[in-house]
A.B. asks: 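Let me begin by handing over the structure; questions about it come next.
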Amino acid sequence: MTMSTLTDLAPLWRTQCPLVPRPTPSSSVFRSFPHGRPSIRCSIAKEESAVSSPYSSGAPGGHSDSVDCVVVGGGISGLCIAQALATKHSSVAPNLIVTEARDRVGGNIITVQRDGYLWEEGPNSFQPSDPMLTMVVDSGLKDDLVLGDPNAPRFVLWDGKLKPVPSKPTDLAFFDLMSIGGKLRAGFGALGIRPPPPGHEESIEEFVRRNLGDEVFERLIEPFCSGVYAGDPSKLSMKAAFGKVWKLEQNGGSIIGGTFKTIQERNKVPKQPRDPRLPKPKGQTVGSLRKGLAMLPDAISTRLGKKVKLSWKLSSIRKLDKGGYSLTYETPQGLVSLQSKSVVMTVPSYIASSLLRPLSAAAADALSKFYYPPVAAVSISYPKEAIRTECLINGELKGFGQLHPRSQGVETLGTIYSSSLFPNRAPAGRVLLLNYIGGATNPGILSKTETELVEAVDRDLRKILINPNAKDPLMLGVRVWPRAIPQFLIGHFDLLDAAKAALRDTGSQGMFLGGNYASGVALGRCVENAYEVASEVTDFLSQNAYK
């Protein structure tokens, strides 16, 4: 809803986020939704409707096998860690496997394609950073890369109107989303004319109001937090959630001072040559793949081949006296036991907590405290003529999408203009909109039916983007994620550090935490972290005595 999901709409620091796995069954219907008539019943979609890997796993054999690394979880984090090990560290970790409890790879990435529509029910896109592009190229998908228009506007709802937001701080003076007074307050604050840091870990709300003023927070950052985390900025940690911006003030005495210092330090380091295989995106944009994001986990799984084990449910982990771990799985072929020198846990923290409790109760306790609020992804379509005239640019709906501050009287967190963002996402004459609803400030969505969720989204859109008398939308799919995005709350790093320290203290060397609660929720950040974790695993395997 990262999300590249709603982060596609982020007005400032552009990051995207993945939702975590374990969705409830999603409704996926293909019919008109009658506005104002809640009697429509939704059919339940099967998992087969999602684009998924054709690979099916097999047991490694009747005896106990030994490997260099087991990656637990076949979502994007686990697959990318495995691919990073296979492509960059194959000499150190030639023998690895990825285990996934479900019968498909991809975790939260769910792409659905039907009758001329292609939509995402988890992450929607990614920031095309070099690590992300490297993963795409190494997966053989360079020719399938699609990028959004870097000049496409992003909008925030304010005072009943969609207002474009600046794409970078220097654009702030030219947009009417903020008053002159609010812009001056932001400028002076960024220069360091503001109250000093309070001496404790600040929430995002505290940090932004202190540094940049109330208007920046209420009109830019608060809706941005809804987009990235579906979170409550009064509880999210600035240090944990937006560490790069937090460090600017820490290192330079102010946001502007820190920016200049960062540039100076960067210029002192010799620039490494860029991989010539990588595409060169123009401007600030987001990316996807020709047939949706599911192409990435499918391609990685295909390349890893028999290293990927599907329908393998991890039931226990045990430390071995000689070093390493014994893992026992429930598989379609029965119980399977294997030994591994290292283990990377990429499952959600609450699942890791249960699995790791026999190794360290303290680590399990810390991991159990991360909070994941519910979010629903609602995909619907309208005819093009349903869009309000004032929302069109040269007669077309253009842009990345829109974010909705909680103060503006709408329930939906935001809307992505999917058919405007990437090509071939909807039939001619139709508009495809991906909407997110729920989050930390609205957990009540779990008590709503799919029909009620679509009604709420349609009702909000008719206040903003859609003509009130427009035809009823075509309801494509509703995906409810009961535990969607880990919240990087105040004290997040303390909990994460406590979990890692507890594992070390109990002698659990070679056990790594690699989920999005550890890396960051953006899809691109999960990929960047995959390379970092792969390096850590390689360093460990190179040094351990029982390799």
Side-chain angles (χ1 to χ4, degrees), residues 18 20-21 65-90 92-101 105-108 131 135 297 300-301 304 307-310 312-320 323-329 338-356 359-360 363-364 366-367 370 486 496 499-504 506-520 525-544 546-547:
V20 294
D65 285 338
S66 179
V67 296
D68 298 309
C69 181
V70 173
V71 179
V72 182
I76 197 63
S77 292
L79 290 171
C80 288
I81 290 169
Q83 172 142 301
L85 286 169
T87 57
K88 295 186 178 298
H89 309 285
S90 59
V92 177
N95 193 7
L96 66 92
I97 68 169
V98 179
T99 62
E100 169 55 47
V105 295
N108 61 296
M135 190 64 64
I300 296 174
S301 178
L304 292 173
K307 295 180 186 295
V308 178
K309 307 297 181 182
L310 301 180
W312 277 37
K313 182 180 179 181
L314 181 59
S315 57
S316 67
I317 306 176
R318 179 172 58 87
K319 284 191 301 183
L320 299 174
Y325 300 87
S326 174
L327 298 89
T328 301
Y329 287 89
L338 58 87
Q339 296 181 8
S340 181
K341 298 172 185 176
S342 61
V343 178
V344 183
M345 302 292 292
T346 69
V347 293
S349 62
Y350 49 88
I351 296 176
S353 171
S354 176
L355 291 169
L356 294 176
L359 301 183
S360 171
L367 291 172
F370 294 118
L496 185 59
K500 292 179 178 180
L503 289 172
R504 289 194 301 269
T506 56
S508 299
Q509 286 79 18
M511 177 66 66
F512 300 89
L513 302 178
N516 63 351
Y517 64 91
S519 65
R525 183 64 193 122
C526 289
V527 173
E528 292 170 12
N529 188 66
Y531 289 105
E532 297 167 7
V533 173
S535 294
E536 292 176 9
V537 172
T538 301
D539 290 344
F540 172 77
L541 291 175
S542 299
Q543 297 170 10
N544 74 69
Y546 54 91
K547 62 182 180 180

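Hydrogens, waters and symmetry mates play no part in the numbers below; they use all other heavy atoms, side chains included.
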A.B. asks: So does Thr506 get a backbone contact from the side chain of Lys319, meaning a donor-acceptor N/O pair under 3.5 Å?
C.D. replies: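 Flag set: sc Lys319 to bb Thr506 pair under 3.5 Å.
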A.B. asks: Would you give the length of the straight line joining atom NZ of Lys341 to atom SG of Cys69, rounded to the nearest 0.5 angstrom?
C.D. replies: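 With rounding to 0.5 Å, NZ (Lys341) is 11.0 Å from SG (Cys69).
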A.B. asks: Show the nearest heavy-atom pair for residues Val347 and Gly73, with the distance to one decimal.
C.D. replies: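 Heavy-atom minimum between the residues: CG1-CA, 4.1 Å.
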A.B. asks: Between atom CD1 of Ile81 and atom CG of Asn529, what is the distance when rounded to the nearest 0.5 Å?
C.D. replies: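 That separation rounds to 6.5 Å.
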A.B. asks: Using side-chain heavy atoms (C-beta onward) and a distance below 4.5 Å, is Leu314 in contact with Thr99?
C.D. replies: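 No. Closest side-chain heavy atoms not under 4.5 Å.
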A.B. asks: Would you indicate whether the side-chain heavy atoms of Tyr325 and Val70 approach each other to under 4.5 Å?
C.D. replies: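 With C-beta onward as the side chain, the pair stays apart.
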A.B. asks: Are Asn95 and Val67 close enough that some pair of their side-chain heavy atoms sits under 4.5 Å apart?
C.D. replies: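 The answer is yes; the side chains approach within 4.5 Å.
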A.B. asks: So does Tyr350 get a backbone contact from the side chain of Ser354, meaning a donor-acceptor N/O pair under 3.5 Å?
C.D. replies: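 Here the side-chain-to-backbone pair does not exist.
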A.B. asks: What are the two closest non-hydrogen atoms of Ala93 and Leu85, and how far apart are they?
C.D. replies: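 Closest approach of Ala93 to Leu85: CB-CD2, 4.4 Å.
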A.B. asks: Keeping Ser360 on the side-chain end and Ala363 on the backbone end, is there a donor-acceptor pair under 3.5 Å?
C.D. replies: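 Yes: the side chain of Ser360 pairs with the backbone of Ala363.
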A.B. asks: Work out which heavy atom in Ile76 is nearest to a heavy atom in Pro297; give both atom names and the distance.
C.D. replies: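 So the minimum-distance heavy-atom pair works out to CD1-CD, 4.3 Å.
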A.B. asks: Calculate, to the nearest 0.5 Å, the distance between atoms CH2 and OG1 belonging to Trp312 and Thr328 respectively.
C.D. replies: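 Reported value, rounded in 0.5 Å steps: 10.5 Å.
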A.B. asks: Any side-chain heavy-atom pair from His89 and Leu541 closer than 4.5 angstrom?
C.D. replies: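 They are not in contact (no side-chain heavy atoms under 4.5 Å apart), so the answer is no.
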A.B. asks: Give, for atom CD of Gln83 and atom OG of Ser301, the distance between the pair rounded to the nearest 0.5 Å.
C.D. replies: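 Going from CD on Gln83 over to OG on Ser301, the span is 10.5 Å.
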A.B. asks: Do Gln509 and Asn544 have side-chain heavy atoms sitting under 4.5 Å apart?
C.D. replies: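 Gln509 does not reach Asn544 side chain to side chain.
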A.B. asks: Mind checking whether Phe540 and Phe512 have parallel, tilted or perpendicular rings, split at 30° and 60°?
C.D. replies: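 Ring orientation of Phe540 relative to Phe512: perpendicular.
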A.B. asks: Any side-chain heavy atom of Met135 within less than 4.5 Å of one from Ile300?
C.D. replies: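 A side-chain contact exists here, since the closest heavy-atom pair is under 4.5 Å.
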A.B. asks: Can you give me the closest heavy-atom contact between Ser342 and Val537, atom names plus distance?
C.D. replies: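 Closest pair (atom of Ser342, atom of Val537, distance): OG-CG1, 3.8 Å.
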A.B. asks: What heavy-atom pair brings Val98 and Gly74 nearest, and what distance separates the two atoms?
C.D. replies: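 That closest heavy-atom pairing would be CG1-CA, 3.9 Å.
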A.B. asks: Would a 4.5 Å heavy-atom cut-off, applied to side chains only, mark Leu503 and Leu513 as touching?
C.D. replies: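 In short, these two side chains touch, coming nearer than 4.5 Å.
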A.B. asks: Would a 4.5 Å heavy-atom cut-off, applied to side chains only, mark Thr538 and Lys88 as touching?
C.D. replies: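 Side-chain contact under 4.5 Å: no.
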A.B. asks: Looking only at heavy atoms, what is the nearest atom pair of Gly514 and Ser77, with distance?
C.D. replies: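 Of all heavy-atom pairs spanning Gly514 and Ser77, the closest is O-CB, 3.7 Å.
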A.B. asks: Keeping Thr346 on the side-chain end and Val72 on the backbone end, is there a donor-acceptor pair under 3.5 Å?
C.D. replies: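 Yes, Thr346 side chain to Val72 backbone: donor-acceptor pair under 3.5 Å.
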A.B. asks: What is the distance from atom OG of Ser326 to atom CG of Leu338, rounded to the nearest 0.5 Å?
C.D. replies: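 Between atom OG of Ser326 and atom CG of Leu338 there are 7.0 Å.
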A.B. asks: When rounded to the nearest 0.5 angstrom, what distance separates CD1 in Ile317 from CE in Met345?
C.D. replies: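 CE of Met345 is found 4.5 Å from CD1 of Ile317.
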